Amino acid sequence: MHAAITETTSNLSPLAGKRILIADRNNVTRSVMRDTCYTLGAESVHYATSGQEVLRAVSQREVQVILCEYLLDEIRDGQQVLEELRAQKLIPLSTIFMMITAERAYKQVVAVAEFAPDDYLIKPFTTEQFRLRLVRANEKKRIFDHAYTLLEKCDYEAAVHECLHIAEVHKRFMADGYRLAIDIYTSIGRPTDAEELLVHVLAVKAVPWALMGLAIVRQRQGRVLEAEEILSSLVETRQEFLSAYDMLALVKEELGKDDEALQVLEKAGERSSLNVKRLRRTADLAQRTGNLPKAERLLKQVVERVRDTSMLEGNDLASLSNVLAAQGKFDQAEKVAADQRRLMKGHPEQEFISTIIEYQQAMQMGLRPKADAAVGRLLQILDESDYPISPRLQLQVLEASFNHNRADAGIAVATRLAKTPGLEERILERVQELLDQHRRKQSGQRNSITVDQIPAAIAHIEKTGWNDDLMKRIKASIDFWQKNGQLSADDAEGFRLSMDAVASRFGITSAT
(Lines give C-alpha, C1' and ligand atoms only; values in the text may rest on other atoms or scores of the structure.)
Protein backbone atom coordinates (compact mmCIF):
# COMPACT_ATOMS: atom_id res chain seq x y z
CA MET A 1 0.00 0.00 0.00
CA HIS A 2 2.79 2.39 0.96
CA ALA A 3 4.60 1.71 -2.34
CA ALA A 4 1.41 2.42 -4.29
CA ILE A 5 0.92 5.75 -2.47
CA THR A 6 4.56 6.66 -3.09
CA GLU A 7 4.24 5.87 -6.79
CA THR A 8 0.99 7.87 -7.08
CA THR A 9 2.59 10.86 -5.34
CA SER A 10 5.61 10.53 -7.61
CA ASN A 11 3.38 10.64 -10.68
CA LEU A 12 1.31 13.61 -9.52
CA SER A 13 4.27 15.57 -8.16
CA PRO A 14 7.42 14.12 -9.72
CA LEU A 15 9.57 16.94 -8.31
CA ALA A 16 8.30 16.64 -4.73
CA GLY A 17 11.09 17.43 -2.26
CA LYS A 18 13.67 17.89 -5.01
CA ARG A 19 16.12 20.72 -5.62
CA ILE A 20 16.11 21.79 -9.25
CA LEU A 21 18.76 23.56 -11.30
CA ILE A 22 17.57 25.34 -14.45
CA ALA A 23 20.38 26.24 -16.85
CA ASP A 24 19.19 28.72 -19.45
CA ARG A 25 20.23 32.23 -20.50
CA ASN A 26 16.70 33.39 -21.28
CA ASN A 27 15.01 35.03 -18.29
CA VAL A 28 11.48 34.39 -19.58
CA THR A 29 12.21 30.71 -20.18
CA ARG A 30 13.69 30.39 -16.69
CA SER A 31 10.59 31.94 -15.14
CA VAL A 32 8.22 29.63 -17.03
CA MET A 33 10.30 26.59 -16.13
CA ARG A 34 10.47 27.70 -12.49
CA ASP A 35 6.68 28.04 -12.22
CA THR A 36 6.23 24.62 -13.84
CA CYS A 37 8.72 23.04 -11.44
CA TYR A 38 6.98 24.46 -8.38
CA THR A 39 3.62 23.28 -9.76
CA LEU A 40 5.13 19.78 -9.96
CA GLY A 41 6.21 19.92 -6.28
CA ALA A 42 9.81 21.17 -6.38
CA GLU A 43 11.31 22.07 -3.00
CA SER A 44 13.60 24.78 -4.44
CA VAL A 45 14.70 26.06 -7.83
CA HIS A 46 18.13 27.49 -8.63
CA TYR A 47 19.38 29.14 -11.81
CA ALA A 48 22.48 29.04 -14.00
CA THR A 49 23.08 31.04 -17.13
CA SER A 50 26.34 29.43 -18.25
CA GLY A 51 28.18 26.13 -18.15
CA GLN A 52 30.58 27.48 -15.54
CA GLU A 53 27.67 28.41 -13.28
CA VAL A 54 26.26 24.87 -13.61
CA LEU A 55 29.58 23.35 -12.53
CA ARG A 56 29.82 25.79 -9.63
CA ALA A 57 26.20 25.19 -8.56
CA VAL A 58 26.51 21.39 -8.38
CA SER A 59 29.80 21.76 -6.49
CA GLN A 60 28.13 23.96 -3.85
CA ARG A 61 24.89 22.01 -3.29
CA GLU A 62 23.32 18.71 -4.21
CA VAL A 63 20.61 18.95 -6.87
CA GLN A 64 18.34 16.11 -7.88
CA VAL A 65 17.25 17.45 -11.28
CA ILE A 66 19.13 19.49 -13.89
CA LEU A 67 17.13 21.04 -16.73
CA CYS A 68 19.69 22.31 -19.21
CA GLU A 69 19.24 24.32 -22.40
CA TYR A 70 21.32 22.91 -25.25
CA LEU A 71 22.48 26.30 -26.61
CA LEU A 72 23.74 27.48 -23.24
CA ASP A 73 26.58 29.96 -23.76
CA GLU A 74 29.44 30.89 -26.08
CA ILE A 75 31.91 28.56 -24.33
CA ARG A 76 29.87 25.46 -23.51
CA ASP A 77 26.70 23.96 -24.89
CA GLY A 78 24.49 21.61 -22.90
CA GLN A 79 26.24 18.55 -24.25
CA GLN A 80 29.63 19.76 -23.03
CA VAL A 81 28.15 20.49 -19.61
CA LEU A 82 26.80 16.95 -19.39
CA GLU A 83 30.13 15.53 -20.59
CA GLU A 84 32.03 17.51 -17.92
CA LEU A 85 29.61 16.54 -15.16
CA ARG A 86 29.98 12.86 -16.07
CA ALA A 87 33.76 13.00 -16.53
CA GLN A 88 34.36 14.79 -13.21
CA LYS A 89 31.73 12.71 -11.37
CA LEU A 90 30.09 15.91 -10.12
CA ILE A 91 26.63 14.34 -10.15
CA PRO A 92 25.60 10.90 -8.88
CA LEU A 93 23.80 8.35 -11.05
CA SER A 94 20.56 9.25 -9.24
CA THR A 95 20.54 12.83 -10.62
CA ILE A 96 18.09 13.45 -13.45
CA PHE A 97 19.66 15.38 -16.34
CA MET A 98 17.17 16.53 -18.95
CA MET A 99 18.16 18.48 -22.05
CA ILE A 100 15.79 21.24 -23.13
CA THR A 101 16.31 22.47 -26.68
CA ALA A 102 14.76 24.01 -29.75
CA GLU A 103 17.54 22.35 -31.80
CA ARG A 104 16.00 19.85 -34.20
CA ALA A 105 19.02 19.26 -36.47
CA TYR A 106 19.86 15.54 -36.61
CA LYS A 107 23.54 15.89 -35.68
CA GLN A 108 22.81 17.95 -32.59
CA VAL A 109 20.10 15.59 -31.34
CA VAL A 110 22.27 12.52 -31.94
CA ALA A 111 25.20 14.20 -30.19
CA VAL A 112 23.07 14.92 -27.15
CA ALA A 113 21.69 11.38 -27.09
CA GLU A 114 25.24 10.00 -27.20
CA PHE A 115 25.95 11.28 -23.72
CA ALA A 116 22.88 9.61 -22.27
CA PRO A 117 20.78 12.37 -20.71
CA ASP A 118 17.76 10.92 -18.96
CA ASP A 119 15.60 12.60 -21.58
CA TYR A 120 15.55 15.54 -23.92
CA LEU A 121 12.62 17.77 -24.76
CA ILE A 122 12.32 19.72 -27.98
CA LYS A 123 10.62 23.11 -27.62
CA PRO A 124 7.83 24.04 -27.59
CA PHE A 125 6.26 21.60 -25.15
CA THR A 126 3.30 21.71 -22.77
CA THR A 127 3.35 21.42 -18.98
CA GLU A 128 1.69 18.02 -19.29
CA GLN A 129 4.33 16.77 -21.72
CA PHE A 130 6.99 18.01 -19.34
CA ARG A 131 5.30 16.30 -16.38
CA LEU A 132 5.00 12.97 -18.18
CA ARG A 133 8.69 13.00 -19.13
CA LEU A 134 9.67 13.79 -15.54
CA VAL A 135 7.39 11.05 -14.23
CA ARG A 136 9.10 8.52 -16.49
CA ALA A 137 12.65 9.68 -15.64
CA ASN A 138 11.85 9.92 -11.93
CA GLU A 139 10.31 6.45 -11.81
CA LYS A 140 13.39 4.86 -13.33
CA LYS A 141 15.72 6.71 -10.93
CA ARG A 142 13.56 5.64 -7.98
CA ILE A 143 13.55 1.98 -8.99
CA PHE A 144 17.29 1.90 -9.70
CA ASP A 145 18.27 4.02 -6.70
CA HIS A 146 19.55 1.12 -4.59
CA ALA A 147 21.46 -0.36 -7.54
CA TYR A 148 23.13 3.01 -8.16
CA THR A 149 24.09 3.28 -4.48
CA LEU A 150 25.67 -0.18 -4.51
CA LEU A 151 27.51 0.61 -7.74
CA GLU A 152 28.93 3.84 -6.33
CA LYS A 153 30.11 1.86 -3.26
CA CYS A 154 31.84 -0.60 -5.66
CA ASP A 155 29.71 -3.46 -4.31
CA TYR A 156 29.47 -4.92 -7.80
CA GLU A 157 28.07 -8.35 -6.95
CA ALA A 158 25.21 -6.86 -4.94
CA ALA A 159 24.59 -4.26 -7.67
CA VAL A 160 24.25 -6.98 -10.30
CA HIS A 161 21.89 -8.93 -8.02
CA GLU A 162 19.76 -5.79 -7.58
CA CYS A 163 19.67 -5.14 -11.35
CA LEU A 164 18.49 -8.69 -12.04
CA HIS A 165 15.87 -8.34 -9.31
CA ILE A 166 14.61 -5.16 -11.01
CA ALA A 167 14.50 -6.96 -14.38
CA GLU A 168 12.35 -9.69 -12.83
CA VAL A 169 9.97 -7.51 -10.80
CA HIS A 170 9.65 -4.38 -12.98
CA LYS A 171 8.97 -5.64 -16.48
CA ARG A 172 9.04 -2.11 -17.96
CA PHE A 173 12.68 -1.85 -16.91
CA MET A 174 13.70 -5.42 -17.66
CA ALA A 175 16.01 -4.39 -20.51
CA ASP A 176 17.54 -1.59 -18.42
CA GLY A 177 18.17 -4.01 -15.54
CA TYR A 178 19.89 -6.57 -17.72
CA ARG A 179 21.87 -3.90 -19.55
CA LEU A 180 23.30 -2.38 -16.38
CA ALA A 181 24.12 -5.83 -14.97
CA ILE A 182 25.93 -6.75 -18.20
CA ASP A 183 27.82 -3.45 -18.20
CA ILE A 184 28.95 -4.08 -14.62
CA TYR A 185 30.19 -7.60 -15.37
CA THR A 186 32.03 -6.38 -18.47
CA SER A 187 33.69 -3.44 -16.68
CA ILE A 188 34.98 -5.60 -13.79
CA GLY A 189 36.49 -8.20 -16.13
CA ARG A 190 33.90 -10.98 -15.98
CA PRO A 191 33.04 -11.50 -19.66
CA THR A 192 31.77 -15.07 -19.15
CA ASP A 193 29.10 -13.88 -16.69
CA ALA A 194 28.22 -11.02 -19.04
CA GLU A 195 27.91 -13.48 -21.93
CA GLU A 196 25.50 -15.66 -19.97
CA LEU A 197 23.14 -12.70 -19.50
CA LEU A 198 23.57 -11.56 -23.10
CA VAL A 199 22.60 -14.97 -24.44
CA HIS A 200 19.41 -14.75 -22.37
CA VAL A 201 18.58 -11.27 -23.76
CA LEU A 202 19.44 -12.13 -27.37
CA ALA A 203 17.27 -15.24 -27.22
CA VAL A 204 14.30 -12.88 -26.81
CA LYS A 205 15.34 -10.18 -29.30
CA ALA A 206 18.50 -9.11 -31.14
CA VAL A 207 18.53 -5.61 -29.68
CA PRO A 208 21.49 -3.42 -30.76
CA TRP A 209 22.89 -2.80 -27.27
CA ALA A 210 22.99 -6.55 -26.59
CA LEU A 211 24.78 -7.23 -29.88
CA MET A 212 27.23 -4.50 -28.91
CA GLY A 213 27.69 -6.15 -25.51
CA LEU A 214 28.35 -9.51 -27.16
CA ALA A 215 31.01 -7.91 -29.39
CA ILE A 216 32.70 -6.40 -26.32
CA VAL A 217 32.68 -9.81 -24.61
CA ARG A 218 34.19 -11.46 -27.70
CA GLN A 219 36.91 -8.80 -27.80
CA ARG A 220 37.69 -9.33 -24.11
CA GLN A 221 37.90 -13.08 -24.74
CA GLY A 222 40.45 -12.52 -27.51
CA ARG A 223 37.98 -13.51 -30.23
CA VAL A 224 38.62 -10.25 -32.07
CA LEU A 225 37.61 -11.38 -35.56
CA GLU A 226 34.19 -12.42 -34.25
CA ALA A 227 33.83 -9.04 -32.55
CA GLU A 228 34.73 -7.31 -35.82
CA GLU A 229 32.08 -9.28 -37.71
CA ILE A 230 29.33 -8.49 -35.18
CA LEU A 231 30.19 -4.77 -35.08
CA SER A 232 30.55 -4.41 -38.86
CA SER A 233 27.04 -5.82 -39.27
CA LEU A 234 25.72 -3.59 -36.47
CA VAL A 235 26.98 -0.31 -37.96
CA GLU A 236 25.52 -1.31 -41.32
CA THR A 237 22.04 -1.92 -39.93
CA ARG A 238 22.04 0.65 -37.08
CA GLN A 239 23.96 3.59 -38.45
CA GLU A 240 22.82 5.86 -35.61
CA PHE A 241 24.37 3.56 -32.96
CA LEU A 242 27.59 5.53 -32.60
CA SER A 243 29.09 3.53 -29.73
CA ALA A 244 29.34 0.59 -32.13
CA TYR A 245 31.55 2.68 -34.43
CA ASP A 246 33.89 3.45 -31.55
CA MET A 247 34.13 -0.21 -30.57
CA LEU A 248 34.62 -1.33 -34.18
CA ALA A 249 37.48 1.15 -34.58
CA LEU A 250 39.11 -0.21 -31.41
CA VAL A 251 38.81 -3.79 -32.69
CA LYS A 252 40.30 -2.84 -36.07
CA GLU A 253 43.21 -1.16 -34.28
CA GLU A 254 43.83 -4.40 -32.38
CA LEU A 255 43.89 -6.22 -35.73
CA GLY A 256 46.45 -3.74 -37.08
CA LYS A 257 43.94 -2.16 -39.48
CA ASP A 258 44.63 1.45 -38.52
CA ASP A 259 43.51 2.89 -41.88
CA GLU A 260 40.17 1.10 -41.64
CA ALA A 261 39.79 2.18 -38.00
CA LEU A 262 40.31 5.78 -39.10
CA GLN A 263 37.59 5.44 -41.74
CA VAL A 264 35.16 4.04 -39.15
CA LEU A 265 35.76 6.93 -36.75
CA GLU A 266 35.35 9.44 -39.56
CA LYS A 267 31.96 7.94 -40.45
CA ALA A 268 30.89 8.33 -36.82
CA GLY A 269 32.17 11.92 -36.92
CA GLU A 270 29.96 12.65 -39.92
CA ARG A 271 26.94 11.74 -37.82
CA SER A 272 28.06 13.46 -34.62
CA SER A 273 31.06 15.75 -34.84
CA LEU A 274 30.90 17.01 -31.24
CA ASN A 275 32.21 14.03 -29.27
CA VAL A 276 35.59 15.23 -27.93
CA LYS A 277 36.83 11.77 -26.97
CA ARG A 278 36.16 10.50 -30.50
CA LEU A 279 37.77 13.57 -32.06
CA ARG A 280 40.92 12.93 -30.03
CA ARG A 281 41.02 9.27 -31.07
CA THR A 282 40.49 10.13 -34.72
CA ALA A 283 43.25 12.75 -34.62
CA ASP A 284 45.61 10.26 -32.95
CA LEU A 285 44.91 7.66 -35.64
CA ALA A 286 45.36 10.22 -38.42
CA GLN A 287 48.73 11.15 -36.94
CA ARG A 288 49.80 7.51 -36.60
CA THR A 289 48.82 6.73 -40.19
CA GLY A 290 50.81 9.74 -41.44
CA ASN A 291 47.87 11.96 -42.41
CA LEU A 292 49.16 15.12 -40.74
CA PRO A 293 46.80 17.62 -42.44
CA LYS A 294 43.80 15.60 -41.22
CA ALA A 295 45.30 15.30 -37.73
CA GLU A 296 45.85 19.07 -37.70
CA ARG A 297 42.23 19.77 -38.68
CA LEU A 298 40.84 17.41 -36.03
CA LEU A 299 43.11 18.67 -33.26
CA LYS A 300 42.10 22.25 -34.02
CA GLN A 301 38.47 21.15 -33.61
CA VAL A 302 39.31 19.55 -30.26
CA VAL A 303 41.14 22.63 -28.96
CA GLU A 304 38.35 24.93 -30.12
CA ARG A 305 35.73 22.78 -28.42
CA VAL A 306 37.48 22.35 -25.05
CA ARG A 307 39.12 25.79 -24.85
CA ASP A 308 38.35 27.53 -21.55
CA THR A 309 36.68 24.41 -20.12
CA SER A 310 37.80 21.78 -17.61
CA MET A 311 37.89 19.27 -20.49
CA LEU A 312 41.05 20.89 -21.90
CA GLU A 313 44.01 18.48 -21.75
CA GLY A 314 47.59 19.60 -22.12
CA ASN A 315 48.15 16.83 -24.65
CA ASP A 316 45.60 18.48 -26.99
CA LEU A 317 47.89 21.50 -27.38
CA ALA A 318 51.11 19.47 -27.37
CA SER A 319 49.80 17.21 -30.14
CA LEU A 320 48.62 20.14 -32.25
CA SER A 321 51.95 21.93 -31.88
CA ASN A 322 53.81 18.74 -32.82
CA VAL A 323 51.68 18.12 -35.92
CA LEU A 324 52.20 21.72 -37.07
CA ALA A 325 55.96 21.56 -36.49
CA ALA A 326 56.16 18.22 -38.34
CA GLN A 327 54.70 20.00 -41.38
CA GLY A 328 57.20 22.85 -41.09
CA LYS A 329 54.55 25.29 -39.80
CA PHE A 330 56.79 26.58 -37.04
CA ASP A 331 55.10 29.99 -36.74
CA GLN A 332 51.74 28.34 -36.14
CA ALA A 333 53.32 25.86 -33.73
CA GLU A 334 54.77 28.74 -31.73
CA LYS A 335 51.32 30.39 -31.58
CA VAL A 336 49.92 27.17 -30.13
CA ALA A 337 52.76 27.17 -27.59
CA ALA A 338 51.87 30.74 -26.58
CA ASP A 339 48.20 29.77 -26.40
CA GLN A 340 49.12 26.86 -24.16
CA ARG A 341 51.00 29.10 -21.73
CA ARG A 342 47.96 31.37 -21.49
CA LEU A 343 45.26 28.69 -21.27
CA MET A 344 47.13 26.58 -18.72
CA LYS A 345 48.46 29.40 -16.56
CA GLY A 346 48.49 28.18 -12.98
CA HIS A 347 47.75 24.58 -14.00
CA PRO A 348 50.04 21.94 -12.39
CA GLU A 349 50.90 20.56 -15.84
CA GLN A 350 51.68 23.96 -17.39
CA GLU A 351 55.48 23.77 -17.19
CA PHE A 352 55.53 20.13 -18.24
CA ILE A 353 53.42 20.77 -21.36
CA SER A 354 55.49 23.84 -22.26
CA THR A 355 58.66 21.75 -22.06
CA ILE A 356 57.10 18.92 -24.12
CA ILE A 357 56.24 21.45 -26.85
CA GLU A 358 59.75 22.93 -26.66
CA TYR A 359 61.24 19.44 -27.04
CA GLN A 360 59.03 18.58 -30.00
CA GLN A 361 59.86 21.79 -31.85
CA ALA A 362 63.58 21.41 -31.18
CA MET A 363 63.53 17.88 -32.60
CA GLN A 364 61.57 18.94 -35.69
CA MET A 365 64.07 21.78 -36.30
CA GLY A 366 67.09 19.52 -35.79
CA LEU A 367 68.26 21.31 -32.63
CA ARG A 368 69.38 18.19 -30.75
CA PRO A 369 71.30 19.89 -27.89
CA LYS A 370 68.24 22.02 -27.11
CA ALA A 371 66.04 18.91 -27.28
CA ASP A 372 68.42 17.04 -24.96
CA ALA A 373 68.23 19.83 -22.39
CA ALA A 374 64.42 19.72 -22.60
CA VAL A 375 64.45 15.96 -21.92
CA GLY A 376 66.46 16.60 -18.76
CA ARG A 377 63.88 19.14 -17.54
CA LEU A 378 60.99 16.80 -18.38
CA LEU A 379 62.52 14.00 -16.34
CA GLN A 380 63.11 16.37 -13.43
CA ILE A 381 59.52 17.68 -13.51
CA LEU A 382 58.15 14.14 -13.77
CA ASP A 383 60.24 13.06 -10.79
CA GLU A 384 59.31 16.03 -8.60
CA SER A 385 55.66 16.58 -9.57
CA ASP A 386 52.91 15.65 -7.12
CA TYR A 387 50.39 16.09 -9.94
CA PRO A 388 49.58 12.87 -11.88
CA ILE A 389 51.02 13.48 -15.37
CA SER A 390 48.86 11.74 -18.00
CA PRO A 391 50.16 8.38 -19.33
CA ARG A 392 50.24 9.68 -22.93
CA LEU A 393 52.59 12.47 -21.90
CA GLN A 394 54.74 10.12 -19.84
CA LEU A 395 55.02 7.89 -22.90
CA GLN A 396 56.51 10.81 -24.84
CA VAL A 397 59.10 11.26 -22.07
CA LEU A 398 59.87 7.55 -22.20
CA GLU A 399 60.48 7.68 -25.97
CA ALA A 400 62.60 10.83 -25.59
CA SER A 401 64.68 9.23 -22.82
CA PHE A 402 65.69 6.28 -24.98
CA ASN A 403 66.31 8.59 -27.96
CA HIS A 404 68.72 10.70 -25.90
CA ASN A 405 70.76 7.94 -24.24
CA ARG A 406 69.02 8.23 -20.88
CA ALA A 407 68.17 4.55 -20.60
CA ASP A 408 68.07 4.37 -16.79
CA ALA A 409 65.60 7.23 -16.62
CA GLY A 410 63.58 5.66 -19.44
CA ILE A 411 63.33 2.35 -17.60
CA ALA A 412 62.16 4.20 -14.47
CA VAL A 413 59.41 5.94 -16.49
CA ALA A 414 58.42 2.62 -18.09
CA THR A 415 58.14 0.99 -14.65
CA ARG A 416 55.98 3.86 -13.41
CA LEU A 417 53.72 3.60 -16.46
CA ALA A 418 53.36 -0.17 -16.24
CA LYS A 419 52.05 0.20 -12.66
CA THR A 420 49.38 2.74 -13.69
CA PRO A 421 45.88 1.32 -12.99
CA GLY A 422 43.63 1.07 -16.05
CA LEU A 423 46.43 1.90 -18.50
CA GLU A 424 45.34 1.88 -22.15
CA GLU A 425 46.33 -1.33 -23.89
CA ARG A 426 47.96 0.56 -26.76
CA ILE A 427 50.17 2.57 -24.36
CA LEU A 428 51.18 -0.60 -22.51
CA GLU A 429 52.08 -2.25 -25.83
CA ARG A 430 54.19 0.75 -26.82
CA VAL A 431 56.02 0.67 -23.46
CA GLN A 432 56.84 -3.00 -24.01
CA GLU A 433 57.95 -2.29 -27.58
CA LEU A 434 60.34 0.45 -26.43
CA LEU A 435 61.78 -1.78 -23.71
CA ASP A 436 62.32 -4.59 -26.22
CA GLN A 437 64.08 -2.19 -28.59
CA HIS A 438 66.32 -1.04 -25.73
CA ARG A 439 67.24 -4.64 -24.82
CA ARG A 440 68.10 -5.42 -28.44
CA LYS A 441 70.21 -2.29 -28.61
CA GLN A 442 72.04 -3.26 -25.42
CA SER A 443 72.68 -6.72 -26.82
CA GLY A 444 74.02 -5.18 -30.02
CA GLN A 445 76.27 -2.85 -28.06
CA ARG A 446 77.77 -5.73 -26.09
CA ASN A 447 78.57 -7.65 -29.28
CA SER A 448 79.79 -4.65 -31.26
CA ILE A 449 83.16 -3.06 -31.76
CA THR A 450 82.92 0.56 -30.63
CA VAL A 451 83.09 3.34 -33.22
CA ASP A 452 86.52 4.44 -31.89
CA GLN A 453 87.84 0.85 -32.20
CA ILE A 454 86.75 0.25 -35.81
CA PRO A 455 89.81 1.91 -37.49
CA ALA A 456 92.18 -0.10 -35.24
CA ALA A 457 90.35 -3.33 -36.05
CA ILE A 458 90.64 -2.71 -39.80
CA ALA A 459 94.38 -1.86 -39.36
CA HIS A 460 94.86 -5.06 -37.35
CA ILE A 461 93.60 -7.18 -40.27
CA GLU A 462 95.82 -5.28 -42.71
CA LYS A 463 98.88 -5.95 -40.50
CA THR A 464 98.28 -9.54 -39.33
CA GLY A 465 96.43 -11.04 -42.27
CA TRP A 466 92.88 -11.74 -43.38
CA ASN A 467 90.41 -12.64 -40.59
CA ASP A 468 86.94 -13.39 -41.94
CA ASP A 469 85.20 -13.51 -38.52
CA LEU A 470 86.69 -10.18 -37.41
CA MET A 471 85.78 -8.53 -40.71
CA LYS A 472 82.14 -9.68 -40.29
CA ARG A 473 82.10 -8.19 -36.77
CA ILE A 474 83.44 -4.89 -38.11
CA LYS A 475 80.76 -4.79 -40.83
CA ALA A 476 77.97 -5.64 -38.34
CA SER A 477 79.25 -2.97 -35.93
CA ILE A 478 79.25 -0.27 -38.64
CA ASP A 479 75.66 -1.19 -39.57
CA PHE A 480 74.59 -1.22 -35.91
CA TRP A 481 76.10 2.16 -34.96
CA GLN A 482 74.79 3.83 -38.11
CA LYS A 483 71.27 2.51 -37.48
CA ASN A 484 71.36 3.78 -33.89
CA GLY A 485 72.54 7.25 -34.86
CA GLN A 486 76.03 6.96 -33.38
CA LEU A 487 77.74 6.94 -36.79
CA SER A 488 77.05 9.31 -39.68
CA ALA A 489 76.38 7.96 -43.16
CA ASP A 490 79.60 9.60 -44.48
CA ASP A 491 81.78 8.07 -41.73
CA ALA A 492 80.16 4.67 -42.21
CA GLU A 493 80.84 4.83 -45.96
CA GLY A 494 84.47 5.78 -45.24
CA PHE A 495 84.93 2.72 -43.03
CA ARG A 496 83.40 0.46 -45.69
CA LEU A 497 85.77 1.83 -48.35
CA SER A 498 88.73 1.11 -46.02
CA MET A 499 87.47 -2.46 -45.53
CA ASP A 500 87.17 -2.98 -49.30
CA ALA A 501 90.70 -1.61 -49.81
CA VAL A 502 92.12 -4.07 -47.26
CA ALA A 503 90.12 -6.94 -48.78
CA SER A 504 91.49 -6.20 -52.28
CA ARG A 505 95.08 -6.54 -50.97
CA PHE A 506 94.26 -10.10 -49.99
CA GLY A 507 92.64 -10.85 -53.35
CA ILE A 508 89.08 -10.57 -52.04
CA THR A 509 86.67 -8.61 -54.25
CA SER A 510 84.71 -6.91 -51.41
CA ALA A 511 84.50 -7.06 -47.65
CA THR A 512 81.06 -5.39 -47.50
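In this chain, numbering begins with 1 at the start of the sequence shown. The model shown is predicted, which means the values in this text are computed figures rather than measured ones.
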Suppose we screen for salt bridge (Lys or Arg N to Asp or Glu O under 4.0 Å). Which residues come up paired with Arg238, at least two apart in sequence or across chains? none
Once you round to the nearest 0.5 Å, how far does CE of Met33 lie from CD1 of Ile100? 4.0 Å
Going by atom types only, do Glu266 and Thr282 share a side-chain donor-acceptor pair under 3.5 Å? no
Correct closest heavy-atom pair for Ser243 and Met212 would be O-CE, 3.2 Å
If you measure from CD on Gln394 to CG on Leu417, what distance do you get to the nearest 0.5 Å? 4.5 Å
Distance, nearest 0.5 Å, that separates CG of Leu285 from NZ of Lys252: 12.0 Å
Which atoms form the tightest heavy-atom contact between Ala325 and Phe330, and what is the distance? O-CE2, 3.6 Å
What are the two closest non-hydrogen atoms of Phe495 and Ile478, and how far apart are they? CB-CD1, 3.5 Å
In terms of side-chain geometry, is the basic nitrogen of Asp479 or Lys475 positioned less than 4.0 Å from the acidic oxygen of its partner? yes
Considering all heavy atoms, the nearest Ser401-Leu379 contact: OG-CD2, 3.5 Å
Which heavy atom in Ala215 sits nearest to a heavy atom in Ala227, and how many Å separate them? O-CB, 3.4 Å
Ion pair check, Arg430 and Glu433, cut-off under 4.0 Å: yes
Donor on one side chain, acceptor on other, Gln396 and Gln360, under 3.5 Å: yes
When rounded to the nearest 0.5 angstrom, what distance separates CZ in Phe352 from CD1 in Ile357? 11.5 Å
Set of residues satisfying salt bridge (Lys or Arg N to Asp or Glu O under 4.0 Å) with respect to Arg133, sequence neighbours excluded: Asp119
Between Lys300 and Glu304, is there a side-chain N and carboxylate O pair less than 4.0 Å apart? no
Any side-chain heavy atom of Arg281 sitting closer than 4.5 Å to one from Glu253? yes
So, taking the atom named CZ in Arg406 and the one named CG in Leu398, what distance separates them when rounded to the nearest 0.5 Å? 13.5 Å
If the threshold is 4.0 Å, N to carboxylate O, is there a salt bridge linking Glu334 and Arg341? yes
Would you call Arg377 and Glu351 a salt bridge, taking side-chain N to carboxylate O under 4.0 Å as the test? no
Report yes or no: do Glu229 and Ser233 form a side-chain donor-acceptor pair below 3.5 Å? no
Between Asp339 and Arg342, is there a salt bridge with N-O shorter than 4.0 Å? yes
CG of Leu320 to NZ of Lys335, rounded to nearest 0.5 Å, is 12.5 Å
Of all residues at least two apart in sequence or in a different chain, which pass the salt bridge (Lys or Arg N to Asp or Glu O under 4.0 Å) check with Glu84? Arg76
Are Lys294 and Thr289 packed together at the side-chain level, in the sense that at least one heavy-atom pair is separated by less than 4.5 angstrom? no
Is the shortest distance from a Lys or Arg side-chain nitrogen in Arg496 or Asp500 to a carboxylate oxygen in the other one below 4.0 Å? no
Looking at Asp316 and Arg392, is any side-chain nitrogen of the basic one under 4.0 Å from a carboxylate oxygen of the acidic one? no
Test: Lys89 and Glu152 ion pair at under 4.0 Å: no
